[in-house]
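The block underneath contains the structure these notes are about, expressed in C-alpha coordinates.
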There are 2 protein chains.
Amino acid sequence: MKKGLRGARIEDITAACGLSKGAFYLHAASKEALFGEVVAEFSSAMNLLIERRIKEMERFHAEHGPLEAHDVAERSERYELLVSMSTESDLGTLELMWAYRDVVHVLMRGSQGTEFESLMWGLVDREVSRVSQEFQRLQEDCVSRADVPPTVIGSLIVGTYVLLAQQMSQMEQKPDLAAWARSIHRLIREGSLAPEGRHRPASSLHAQEDFPAQAPGPRRFPSP
Amino acid sequence: MKKGLRGARIEDITAACGLSKGAFYLHAASKEALFGEVVAEFSSAMNLLIERRIKEMERFHAEHGPLEAHDVAERSERYELLVSMSTESDLGTLELMWAYRDVVHVLMRGSQGTEFESLMWGLVDREVSRVSQEFQRLQEDCVSRADVPPTVIGSLIVGTYVLLAQQMSQMEQKPDLAAWARSIHRLIREGSLAPEGRHRPASSLHAQEDFPAQAPGPRRFPSP
DNA sequence: GGAGTTTCTGACCAGCGGGTTAGTAATGCG
DNA sequence: CGCATTACTAACCCGCTGGTCAGAAACTCC
(Lines give C-alpha, C1' and ligand atoms only; values in the text may rest on other atoms or scores of the structure.)
Protein backbone atom coordinates (compact mmCIF):
# COMPACT_ATOMS: atom_id res chain seq x y z
CA MET A 1 0.00 0.00 0.00
CA LYS A 2 2.41 2.67 1.14
CA LYS A 3 6.08 2.96 0.46
CA GLY A 4 6.71 4.51 3.82
CA LEU A 5 5.70 7.97 4.86
CA ARG A 6 8.58 9.53 2.98
CA GLY A 7 7.96 7.42 -0.09
CA ALA A 8 4.26 8.17 -0.34
CA ARG A 9 3.57 11.28 -2.39
CA ILE A 10 0.52 13.39 -1.76
CA GLU A 11 -0.53 12.74 -5.34
CA ASP A 12 -0.32 9.00 -4.78
CA ILE A 13 -2.75 9.28 -1.91
CA THR A 14 -5.24 11.57 -3.65
CA ALA A 15 -5.01 9.63 -6.91
CA ALA A 16 -5.93 6.49 -4.98
CA CYS A 17 -9.12 8.31 -3.92
CA GLY A 18 -9.76 9.55 -7.46
CA LEU A 19 -9.05 13.15 -6.50
CA SER A 20 -6.47 15.74 -7.39
CA LYS A 21 -3.61 16.93 -5.24
CA GLY A 22 -5.24 20.20 -4.20
CA ALA A 23 -8.20 18.40 -2.68
CA PHE A 24 -5.92 16.81 -0.13
CA TYR A 25 -5.40 20.04 1.76
CA LEU A 26 -9.13 20.54 2.13
CA HIS A 27 -9.18 17.47 4.34
CA ALA A 28 -5.83 17.43 6.09
CA ALA A 29 -3.17 19.96 6.95
CA SER A 30 -0.36 17.73 5.81
CA LYS A 31 0.63 14.16 5.12
CA GLU A 32 1.99 13.77 8.63
CA ALA A 33 -1.14 15.22 10.19
CA LEU A 34 -3.35 12.76 8.31
CA PHE A 35 -1.25 9.80 9.23
CA GLY A 36 -0.99 11.15 12.75
CA GLU A 37 -4.75 11.01 13.18
CA VAL A 38 -4.92 7.35 12.29
CA VAL A 39 -1.86 6.61 14.35
CA ALA A 40 -3.33 8.43 17.36
CA GLU A 41 -6.43 6.29 17.03
CA PHE A 42 -4.37 3.12 16.99
CA SER A 43 -2.05 4.35 19.69
CA SER A 44 -4.77 5.28 22.14
CA ALA A 45 -6.58 2.00 21.53
CA MET A 46 -3.36 0.14 22.22
CA ASN A 47 -2.63 2.16 25.34
CA LEU A 48 -6.13 1.47 26.55
CA LEU A 49 -5.56 -2.26 26.15
CA ILE A 50 -2.27 -2.07 28.00
CA GLU A 51 -3.73 -0.02 30.81
CA ARG A 52 -6.67 -2.37 31.18
CA ARG A 53 -4.33 -5.32 31.20
CA ILE A 54 -2.16 -3.83 33.93
CA LYS A 55 -5.21 -3.10 36.04
CA GLU A 56 -6.56 -6.60 35.52
CA MET A 57 -3.24 -7.99 36.59
CA GLU A 58 -3.17 -5.82 39.71
CA ARG A 59 -6.69 -6.88 40.58
CA PHE A 60 -5.74 -10.49 40.13
CA HIS A 61 -2.85 -10.15 42.52
CA ALA A 62 -5.00 -8.29 45.00
CA GLU A 63 -7.70 -10.92 44.91
CA HIS A 64 -5.67 -14.10 44.57
CA GLY A 65 -2.29 -13.20 45.95
CA PRO A 66 1.01 -14.27 44.39
CA LEU A 67 1.19 -17.59 42.61
CA GLU A 68 3.36 -20.30 44.06
CA ALA A 69 5.28 -23.19 42.63
CA HIS A 70 2.58 -25.71 43.37
CA ASP A 71 0.01 -23.68 41.43
CA VAL A 72 1.68 -24.57 38.18
CA ALA A 73 2.36 -28.20 39.17
CA GLU A 74 -1.28 -28.90 39.92
CA ARG A 75 -2.65 -26.37 37.40
CA SER A 76 -4.66 -24.71 40.13
CA GLU A 77 -7.72 -22.65 39.43
CA ARG A 78 -6.02 -19.30 39.90
CA TYR A 79 -3.19 -20.44 37.67
CA GLU A 80 -5.60 -21.33 34.89
CA LEU A 81 -7.32 -18.00 35.45
CA LEU A 82 -4.06 -16.12 35.02
CA VAL A 83 -3.30 -18.04 31.85
CA SER A 84 -6.68 -17.42 30.29
CA MET A 85 -6.54 -13.77 31.35
CA SER A 86 -3.28 -13.09 29.59
CA THR A 87 -4.22 -15.17 26.57
CA GLU A 88 -7.40 -13.15 26.27
CA SER A 89 -5.44 -9.89 26.57
CA ASP A 90 -3.01 -11.01 23.91
CA LEU A 91 -5.89 -11.91 21.64
CA GLY A 92 -7.25 -8.40 22.06
CA THR A 93 -3.88 -7.00 21.10
CA LEU A 94 -3.72 -9.26 18.05
CA GLU A 95 -7.21 -8.16 16.99
CA LEU A 96 -6.20 -4.53 17.25
CA MET A 97 -3.04 -5.14 15.29
CA TRP A 98 -5.07 -6.91 12.62
CA ALA A 99 -7.50 -4.00 12.36
CA TYR A 100 -4.61 -1.56 11.97
CA ARG A 101 -2.21 -3.90 10.24
CA ASP A 102 -1.36 -1.53 7.41
CA VAL A 103 -0.75 1.33 9.79
CA VAL A 104 1.38 -0.89 11.98
CA HIS A 105 3.30 -2.01 8.93
CA VAL A 106 4.14 1.54 7.92
CA LEU A 107 4.90 2.51 11.51
CA MET A 108 7.36 -0.32 11.87
CA ARG A 109 9.01 -0.36 8.49
CA GLY A 110 8.61 3.05 7.02
CA SER A 111 8.63 5.68 9.72
CA GLN A 112 12.34 5.93 10.34
CA GLY A 113 13.38 9.54 10.67
CA THR A 114 9.83 10.77 11.26
CA GLU A 115 8.08 11.76 14.46
CA PHE A 116 6.33 8.39 14.45
CA GLU A 117 9.36 6.18 14.73
CA SER A 118 9.73 6.63 18.46
CA LEU A 119 6.02 6.15 18.98
CA MET A 120 6.00 2.62 17.65
CA TRP A 121 9.30 1.46 19.02
CA GLY A 122 8.74 3.22 22.30
CA LEU A 123 5.57 1.20 22.61
CA VAL A 124 7.47 -1.97 21.79
CA ASP A 125 10.16 -1.14 24.34
CA ARG A 126 7.58 -0.46 27.02
CA GLU A 127 5.85 -3.73 26.27
CA VAL A 128 9.12 -5.60 26.49
CA SER A 129 9.80 -4.13 29.89
CA ARG A 130 6.23 -4.73 31.04
CA VAL A 131 6.42 -8.40 30.09
CA SER A 132 9.90 -8.62 31.60
CA GLN A 133 8.65 -7.27 34.91
CA GLU A 134 5.72 -9.64 34.85
CA PHE A 135 8.08 -12.54 34.42
CA GLN A 136 10.50 -11.26 36.99
CA ARG A 137 7.64 -11.41 39.45
CA LEU A 138 6.83 -14.95 38.36
CA GLN A 139 10.48 -15.86 38.78
CA GLU A 140 10.56 -14.45 42.29
CA ASP A 141 7.51 -16.55 43.09
CA CYS A 142 9.28 -19.61 41.67
CA VAL A 143 6.55 -19.97 39.08
CA SER A 144 8.73 -19.22 36.09
CA ARG A 145 12.17 -20.68 35.52
CA ALA A 146 14.87 -18.43 36.92
CA ASP A 147 17.79 -19.47 34.73
CA VAL A 148 16.79 -17.10 31.96
CA PRO A 149 16.90 -13.29 31.99
CA PRO A 150 13.39 -11.84 32.10
CA THR A 151 14.29 -9.38 29.36
CA VAL A 152 14.97 -12.26 26.99
CA ILE A 153 11.51 -13.64 27.71
CA GLY A 154 10.10 -10.18 27.13
CA SER A 155 11.88 -9.84 23.81
CA LEU A 156 10.80 -13.31 22.83
CA ILE A 157 7.13 -12.63 23.43
CA VAL A 158 7.00 -9.12 22.07
CA GLY A 159 9.25 -10.01 19.15
CA THR A 160 6.87 -12.77 18.18
CA TYR A 161 3.88 -10.45 18.13
CA VAL A 162 5.84 -7.80 16.26
CA LEU A 163 6.80 -10.23 13.53
CA LEU A 164 3.28 -11.62 13.31
CA ALA A 165 1.95 -8.09 12.96
CA GLN A 166 4.19 -7.57 9.98
CA GLN A 167 3.06 -10.81 8.41
CA MET A 168 -0.56 -9.73 8.82
CA SER A 169 -0.18 -6.94 6.31
CA GLN A 170 0.61 -9.49 3.61
CA MET A 171 -2.41 -11.68 4.27
CA GLU A 172 -5.68 -11.27 2.50
CA GLN A 173 -7.66 -13.40 4.87
CA LYS A 174 -7.82 -12.91 8.58
CA PRO A 175 -6.00 -15.76 10.28
CA ASP A 176 -7.32 -17.50 13.38
CA LEU A 177 -5.88 -15.05 15.88
CA ALA A 178 -7.27 -16.93 18.85
CA ALA A 179 -5.40 -20.03 17.71
CA TRP A 180 -2.25 -17.93 17.37
CA ALA A 181 -2.60 -16.58 20.88
CA ARG A 182 -3.25 -20.04 22.32
CA SER A 183 -0.32 -21.56 20.43
CA ILE A 184 2.05 -18.84 21.50
CA HIS A 185 1.05 -19.09 25.13
CA ARG A 186 1.35 -22.83 25.07
CA LEU A 187 4.83 -22.56 23.58
CA ILE A 188 5.96 -19.87 25.98
CA ARG A 189 4.75 -21.77 29.01
CA GLU A 190 5.42 -25.36 28.09
CA GLY A 191 8.00 -25.19 25.34
CA SER A 192 8.07 -26.90 22.00
CA LEU A 193 9.22 -30.34 23.08
CA ALA A 194 6.57 -33.02 22.93
CA PRO A 195 5.05 -33.69 26.34
CA GLU A 196 6.99 -36.62 27.72
CA GLY A 197 5.56 -40.10 27.59
CA ARG A 198 3.03 -39.22 24.96
CA HIS A 199 3.52 -41.14 21.75
CA ARG A 200 1.39 -40.60 18.72
CA PRO A 201 1.32 -42.24 15.30
CA ALA A 202 3.24 -39.99 12.96
CA SER A 203 0.87 -40.26 10.03
CA SER A 204 -2.52 -39.87 11.68
CA LEU A 205 -4.31 -36.60 12.16
CA HIS A 206 -3.78 -35.12 15.56
CA ALA A 207 -6.75 -34.27 17.68
CA GLN A 208 -7.36 -30.79 19.07
CA GLU A 209 -4.43 -29.24 17.32
CA ASP A 210 -4.70 -25.53 16.90
CA PHE A 211 -4.39 -25.32 13.16
CA PRO A 212 -5.94 -26.54 9.93
CA ALA A 213 -4.00 -28.29 7.15
CA GLN A 214 -1.93 -25.28 6.20
CA ALA A 215 -1.84 -22.62 8.85
CA PRO A 216 -1.40 -19.18 7.28
CA GLY A 217 -3.70 -17.76 4.63
CA PRO A 218 -2.61 -16.74 1.15
CA ARG A 219 -0.29 -13.84 0.62
CA ARG A 220 -1.39 -10.40 -0.30
CA PHE A 221 0.87 -8.56 -2.66
CA PRO A 222 1.42 -4.81 -2.34
CA SER A 223 -0.70 -2.78 -4.71
CA PRO A 224 1.40 -0.58 -7.00
CA MET B 1 22.95 7.17 12.99
CA LYS B 2 20.89 7.13 9.85
CA LYS B 3 17.38 8.34 9.36
CA GLY B 4 16.68 5.66 6.82
CA LEU B 5 18.07 5.56 3.32
CA ARG B 6 15.60 8.16 2.08
CA GLY B 7 16.17 10.36 5.09
CA ALA B 8 19.95 10.41 4.83
CA ARG B 9 21.18 13.16 2.57
CA ILE B 10 24.42 12.82 0.67
CA GLU B 11 25.65 15.92 2.43
CA ASP B 12 24.91 14.37 5.80
CA ILE B 13 27.13 11.44 4.94
CA THR B 14 29.99 13.48 3.53
CA ALA B 15 29.77 16.05 6.31
CA ALA B 16 30.11 13.23 8.82
CA CYS B 17 33.42 12.42 7.10
CA GLY B 18 34.44 16.07 7.00
CA LEU B 19 34.17 16.21 3.24
CA SER B 20 32.03 18.04 0.73
CA LYS B 21 29.19 16.63 -1.30
CA GLY B 22 31.10 16.39 -4.55
CA ALA B 23 33.71 14.13 -2.99
CA PHE B 24 31.06 11.50 -2.41
CA TYR B 25 30.79 10.65 -6.08
CA LEU B 26 34.52 10.02 -6.30
CA HIS B 27 34.00 7.04 -4.03
CA ALA B 28 30.54 5.73 -4.84
CA ALA B 29 28.19 5.94 -7.78
CA SER B 30 25.21 6.71 -5.58
CA LYS B 31 23.86 6.47 -2.08
CA GLU B 32 22.15 3.20 -2.91
CA ALA B 33 25.30 1.74 -4.45
CA LEU B 34 27.31 2.53 -1.34
CA PHE B 35 24.76 1.03 0.98
CA GLY B 36 24.35 -1.86 -1.40
CA GLU B 37 28.02 -2.79 -1.03
CA VAL B 38 27.74 -3.08 2.73
CA VAL B 39 24.43 -4.85 2.46
CA ALA B 40 25.83 -7.36 -0.03
CA GLU B 41 28.62 -8.12 2.41
CA PHE B 42 26.15 -8.75 5.20
CA SER B 43 23.76 -10.61 2.98
CA SER B 44 26.33 -13.03 1.60
CA ALA B 45 27.69 -13.68 5.08
CA MET B 46 24.20 -14.42 6.30
CA ASN B 47 23.44 -16.70 3.36
CA LEU B 48 26.68 -18.53 3.99
CA LEU B 49 25.62 -19.16 7.58
CA ILE B 50 22.23 -20.41 6.49
CA GLU B 51 23.67 -22.67 3.83
CA ARG B 52 26.19 -24.10 6.23
CA ARG B 53 23.47 -24.67 8.78
CA ILE B 54 21.27 -26.53 6.32
CA LYS B 55 24.17 -28.74 5.27
CA GLU B 56 25.05 -29.46 8.89
CA MET B 57 21.47 -30.42 9.53
CA GLU B 58 21.40 -32.73 6.51
CA ARG B 59 24.63 -34.35 7.61
CA PHE B 60 23.22 -34.84 11.06
CA HIS B 61 20.20 -36.60 9.70
CA ALA B 62 22.31 -38.71 7.39
CA GLU B 63 24.63 -39.76 10.20
CA HIS B 64 22.20 -40.09 13.08
CA GLY B 65 18.84 -40.67 11.45
CA PRO B 66 15.62 -39.07 12.60
CA LEU B 67 15.14 -38.33 16.28
CA GLU B 68 12.48 -40.21 18.17
CA ALA B 69 10.32 -39.43 21.15
CA HIS B 70 12.56 -41.24 23.60
CA ASP B 71 15.56 -39.17 22.53
CA VAL B 72 14.13 -36.14 24.21
CA ALA B 73 12.83 -38.04 27.25
CA GLU B 74 16.25 -39.46 28.06
CA ARG B 75 18.21 -36.54 26.61
CA SER B 76 20.16 -38.90 24.38
CA GLU B 77 23.54 -38.06 22.97
CA ARG B 78 22.27 -37.29 19.49
CA TYR B 79 19.56 -35.11 20.97
CA GLU B 80 22.09 -33.09 22.91
CA LEU B 81 24.20 -32.86 19.78
CA LEU B 82 21.30 -31.46 17.78
CA VAL B 83 20.59 -28.91 20.50
CA SER B 84 24.16 -27.72 20.74
CA MET B 85 24.44 -27.63 16.95
CA SER B 86 21.51 -25.31 16.51
CA THR B 87 22.44 -23.19 19.53
CA GLU B 88 25.88 -22.76 18.02
CA SER B 89 24.39 -21.81 14.65
CA ASP B 90 22.10 -19.28 16.28
CA LEU B 91 25.03 -17.80 18.13
CA GLY B 92 26.82 -17.35 14.82
CA THR B 93 23.80 -15.55 13.44
CA LEU B 94 23.65 -13.33 16.51
CA GLU B 95 27.33 -12.48 16.16
CA LEU B 96 26.83 -11.52 12.54
CA MET B 97 23.83 -9.40 13.41
CA TRP B 98 25.85 -7.68 16.12
CA ALA B 99 28.68 -6.91 13.70
CA TYR B 100 26.23 -5.41 11.21
CA ARG B 101 23.70 -4.13 13.71
CA ASP B 102 23.48 -0.64 12.26
CA VAL B 103 23.04 -1.96 8.75
CA VAL B 104 20.41 -4.39 9.96
CA HIS B 105 18.68 -1.57 11.77
CA VAL B 106 18.43 0.54 8.64
CA LEU B 107 17.48 -2.47 6.53
CA MET B 108 14.62 -3.29 8.84
CA ARG B 109 13.32 0.11 9.77
CA GLY B 110 14.36 2.47 7.04
CA SER B 111 14.43 0.68 3.72
CA GLN B 112 10.73 0.67 2.91
CA GLY B 113 10.16 1.54 -0.71
CA THR B 114 13.78 0.87 -1.70
CA GLU B 115 15.33 -2.09 -3.44
CA PHE B 116 16.59 -3.32 -0.07
CA GLU B 117 13.27 -3.82 1.61
CA SER B 118 12.59 -7.16 0.01
CA LEU B 119 16.13 -8.31 0.68
CA MET B 120 15.79 -8.09 4.43
CA TRP B 121 12.23 -9.27 4.76
CA GLY B 122 12.70 -11.95 2.13
CA LEU B 123 15.50 -13.27 4.26
CA VAL B 124 13.27 -13.17 7.32
CA ASP B 125 10.48 -14.97 5.47
CA ARG B 126 12.85 -17.66 4.26
CA GLU B 127 14.16 -18.15 7.76
CA VAL B 128 10.65 -18.45 9.12
CA SER B 129 9.85 -21.15 6.62
CA ARG B 130 13.16 -22.92 7.19
CA VAL B 131 12.55 -23.07 10.93
CA SER B 132 8.96 -24.08 10.31
CA GLN B 133 10.03 -26.97 8.15
CA GLU B 134 12.59 -28.04 10.70
CA PHE B 135 9.89 -28.15 13.34
CA GLN B 136 7.42 -29.88 11.10
CA ARG B 137 9.96 -32.63 10.76
CA LEU B 138 10.37 -32.75 14.53
CA GLN B 139 6.62 -32.91 14.89
CA GLU B 140 6.37 -35.80 12.47
CA ASP B 141 9.00 -37.59 14.50
CA CYS B 142 6.97 -36.91 17.66
CA VAL B 143 9.87 -34.95 19.09
CA SER B 144 8.13 -31.61 19.08
CA ARG B 145 4.59 -30.99 20.28
CA ALA B 146 2.12 -31.30 17.44
CA ASP B 147 -0.68 -29.13 18.80
CA VAL B 148 0.91 -25.93 17.53
CA PRO B 149 1.34 -24.83 13.90
CA PRO B 150 4.99 -25.00 12.85
CA THR B 151 4.73 -21.56 11.28
CA VAL B 152 3.90 -20.07 14.66
CA ILE B 153 7.03 -21.65 16.10
CA GLY B 154 8.97 -20.27 13.16
CA SER B 155 7.61 -16.79 13.67
CA LEU B 156 8.29 -17.03 17.38
CA ILE B 157 11.93 -17.90 16.93
CA VAL B 158 12.70 -15.61 14.04
CA GLY B 159 10.65 -12.78 15.57
CA THR B 160 12.70 -13.01 18.71
CA TYR B 161 15.97 -12.69 16.84
CA VAL B 162 14.62 -9.87 14.71
CA LEU B 163 13.61 -7.87 17.76
CA LEU B 164 16.90 -8.56 19.49
CA ALA B 165 18.75 -7.37 16.41
CA GLN B 166 16.91 -4.09 16.61
CA GLN B 167 17.72 -3.73 20.27
CA MET B 168 21.39 -4.29 19.49
CA SER B 169 21.66 -1.05 17.60
CA GLN B 170 20.80 0.85 20.76
CA MET B 171 23.40 -0.83 22.93
CA GLU B 172 26.86 0.51 23.44
CA GLN B 173 28.27 -2.65 24.93
CA LYS B 174 28.13 -6.03 23.32
CA PRO B 175 25.77 -8.23 25.30
CA ASP B 176 26.51 -11.85 26.11
CA LEU B 177 25.18 -13.29 22.88
CA ALA B 178 25.98 -16.85 23.88
CA ALA B 179 23.82 -16.42 26.96
CA TRP B 180 21.06 -15.05 24.78
CA ALA B 181 21.22 -18.02 22.44
CA ARG B 182 21.23 -20.48 25.31
CA SER B 183 18.32 -18.74 27.04
CA ILE B 184 16.25 -18.62 23.90
CA HIS B 185 16.84 -22.26 23.12
CA ARG B 186 16.02 -23.26 26.65
CA LEU B 187 12.79 -21.28 26.49
CA ILE B 188 11.81 -22.61 23.10
CA ARG B 189 12.42 -26.20 24.08
CA GLU B 190 11.35 -26.29 27.68
CA GLY B 191 9.11 -23.30 28.12
CA SER B 192 9.14 -20.61 30.76
CA LEU B 193 7.43 -22.50 33.57
CA ALA B 194 9.68 -23.50 36.41
CA PRO B 195 10.76 -27.13 36.18
CA GLU B 196 8.32 -29.04 38.33
CA GLY B 197 9.23 -30.13 41.80
CA ARG B 198 12.10 -27.70 42.07
CA HIS B 199 11.67 -25.16 44.84
CA ARG B 200 14.12 -22.40 45.43
CA PRO B 201 14.30 -19.63 48.00
CA ALA B 202 12.98 -16.49 46.40
CA SER B 203 15.60 -14.16 47.79
CA SER B 204 18.82 -16.08 47.25
CA LEU B 205 21.00 -15.83 44.19
CA HIS B 206 20.33 -18.54 41.70
CA ALA B 207 23.14 -20.75 40.56
CA GLN B 208 24.13 -21.09 36.90
CA GLU B 209 21.65 -18.58 35.70
CA ASP B 210 22.48 -17.17 32.33
CA PHE B 211 22.60 -13.52 33.23
CA PRO B 212 24.27 -11.01 35.52
CA ALA B 213 22.40 -8.67 37.86
CA GLN B 214 20.89 -6.59 35.11
CA ALA B 215 20.87 -8.28 31.77
CA PRO B 216 21.05 -5.72 28.97
CA GLY B 217 23.80 -3.13 28.67
CA PRO B 218 23.21 0.61 28.69
CA ARG B 219 21.39 2.29 25.86
CA ARG B 220 23.06 4.00 22.99
CA PHE B 221 21.35 7.11 21.80
CA PRO B 222 21.30 8.02 18.11
CA SER B 223 23.93 10.56 17.18
CA PRO B 224 22.41 13.71 15.66
C1' DG C 1 -32.95 29.30 -13.23
C1' DG C 2 -29.94 31.75 -10.42
C1' DA C 3 -27.58 33.08 -6.09
C1' DG C 4 -24.86 31.12 -2.71
C1' DT C 5 -22.13 27.51 -0.86
C1' DT C 6 -19.31 23.60 -0.94
C1' DT C 7 -16.03 20.75 -3.32
C1' DC C 8 -12.56 20.11 -6.35
C1' DT C 9 -9.08 21.17 -10.14
C1' DG C 10 -4.71 21.97 -12.19
C1' DA C 11 -1.46 25.32 -13.01
C1' DC C 12 1.97 27.43 -10.42
C1' DC C 13 5.69 28.41 -6.99
C1' DA C 14 9.56 27.37 -3.97
C1' DG C 15 12.81 24.73 -1.84
C1' DC C 16 15.19 20.58 -1.22
C1' DG C 17 18.34 17.28 -2.52
C1' DG C 18 20.70 14.23 -6.10
C1' DG C 19 23.96 14.59 -9.41
C1' DT C 20 27.61 17.31 -12.46
C1' DT C 21 31.68 19.79 -13.40
C1' DA C 22 35.08 23.38 -13.73
C1' DG C 23 38.37 24.67 -11.01
C1' DT C 24 41.61 24.27 -6.85
C1' DA C 25 44.49 22.22 -3.37
C1' DA C 26 47.39 18.45 -1.96
C1' DT C 27 50.50 14.92 -2.96
C1' DG C 28 53.95 12.33 -5.25
C1' DC C 29 57.93 11.96 -8.10
C1' DG C 30 61.86 12.72 -11.10
C1' DC D 1 61.52 22.97 -8.52
C1' DG D 2 58.26 21.70 -11.91
C1' DC D 3 55.22 18.60 -13.68
C1' DA D 4 51.58 15.14 -13.21
C1' DT D 5 48.33 12.83 -10.80
C1' DT D 6 45.10 12.46 -7.36
C1' DA D 7 41.71 14.29 -4.01
C1' DC D 8 38.62 17.55 -3.07
C1' DT D 9 35.55 21.86 -3.30
C1' DA D 10 31.71 24.73 -4.23
C1' DA D 11 28.81 26.59 -7.29
C1' DC D 12 25.48 25.13 -10.38
C1' DC D 13 21.64 22.51 -12.74
C1' DC D 14 17.40 20.22 -12.60
C1' DG D 15 13.72 17.24 -11.44
C1' DC D 16 10.68 16.19 -7.97
C1' DT D 17 7.36 17.06 -4.46
C1' DG D 18 5.01 19.70 -0.76
C1' DG D 19 2.14 23.34 -0.57
C1' DT D 20 -0.88 27.50 -2.58
C1' DC D 21 -4.59 29.57 -4.97
C1' DA D 22 -7.69 31.46 -8.45
C1' DG D 23 -11.18 29.75 -10.66
C1' DA D 24 -14.24 25.91 -12.31
C1' DA D 25 -17.66 22.53 -11.26
C1' DA D 26 -21.24 20.59 -8.64
C1' DC D 27 -24.69 20.91 -5.57
C1' DT D 28 -28.48 23.19 -2.77
C1' DC D 29 -32.18 25.84 -1.78
C1' DC D 30 -35.32 29.35 -2.87
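Residue numbers start from 1 in every chain, and the chains themselves are labelled A, B, ... in the order their sequence lines are given, proteins ahead of strands.
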For this session: Name every residue in residues 30-39 of chain B that has at least one heavy atom under 4.0 Å from any atom of DNA chain C, in order of residue number, or write none if there are no such residues.
Result: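 Residues of residues 30-39 of chain B that come under 4.0 Å of DNA chain C are, in numerical order, B:Ser30, B:Lys31.
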For this session: Would you mind listing every side-chain hydrogen bond (donor to acceptor under 3.5 Å, both in side chains) that reaches into residues 23-48 of chain A, with sequence neighbours excluded?
Result: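 For residues 23-48 of chain A: A:Glu41-A:Tyr100.
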Problem set entry | Leading and trailing nucleotides of DNA chain C with any atom under 4.0 Å from heavy atoms of chain A |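 On DNA chain C, the outermost contacted nucleotides are C:dC8 to C:dG10.
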Exercise. Are OP1 or OP2 of D:dC8 and a side-chain N or O of B:His27 less than 4.0 angstrom apart?
Worked result: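 Answer is yes, contact under 4.0 Å.
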Exercise. Quick one, which residues of residues 6-21 of chain B touch DNA chain D with a heavy atom under 4.0 Å?
Worked result: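 Hits under 4.0 Å, by residue number: B:Gly18, B:Leu19, B:Ser20.
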Exercise. Taking A:Asp90 for the side chain and A:Thr87 for the main chain, is one N or O donor matched with an acceptor at less than 3.5 Å?
Worked result: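 Judged by distance alone, no pair lies under 3.5 Å.
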Nearest non-hydrogen partners of [X] and [Y], listed with the distance:
X	Y	answer
A:Ser183	B:Pro149	OG-CD, 3.3 Å
B:Leu163	A:Gly159	CD2-N, 3.4 Å
B:Arg101	B:Met171	NE-O, 4.4 Å
B:Met168	B:Trp180	CE-CZ3, 4.0 Å
A:Val106	A:Gly4	CG1-CA, 4.5 Å

Exercise. Separation of B:Phe24 atom CZ from D:dC8 atom P, in whole Å?
Worked result: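 Result: 13 Å.
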For this session: Measure the distance from CG on A:Leu26 to C1' on D:dG19 and round it to the nearest whole Å.
Result: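 My rounded result for the distance is 12 Å.
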For this session: Could I get the full list of side-chain hydrogen bond (donor to acceptor under 3.5 Å, both in side chains) partners for A:Glu190, not counting sequence neighbours?
Result: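 A:Glu190: side-chain hydrogen bond (donor to acceptor under 3.5 Å, both in side chains) contacts with B:Arg145.
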Exercise. Are any non-hydrogen side-chain atoms of B:Ser111 and B:Leu5 less than 4.5 angstrom apart?
Worked result: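 Result no, sub-4.5 Å side-chain heavy-atom pair not found.
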May I have the list of side-chain donor-acceptor pairs in residues 91-99 of chain B shorter than 3.5 Å, sequence neighbours left out?
residue : atom : partner  : partner atom : Å
B:Thr93 : OG1  : B:Ser89  : O            : 3.1
B:Glu95 : OE1  : B:Lys174 : NZ           : 2.8

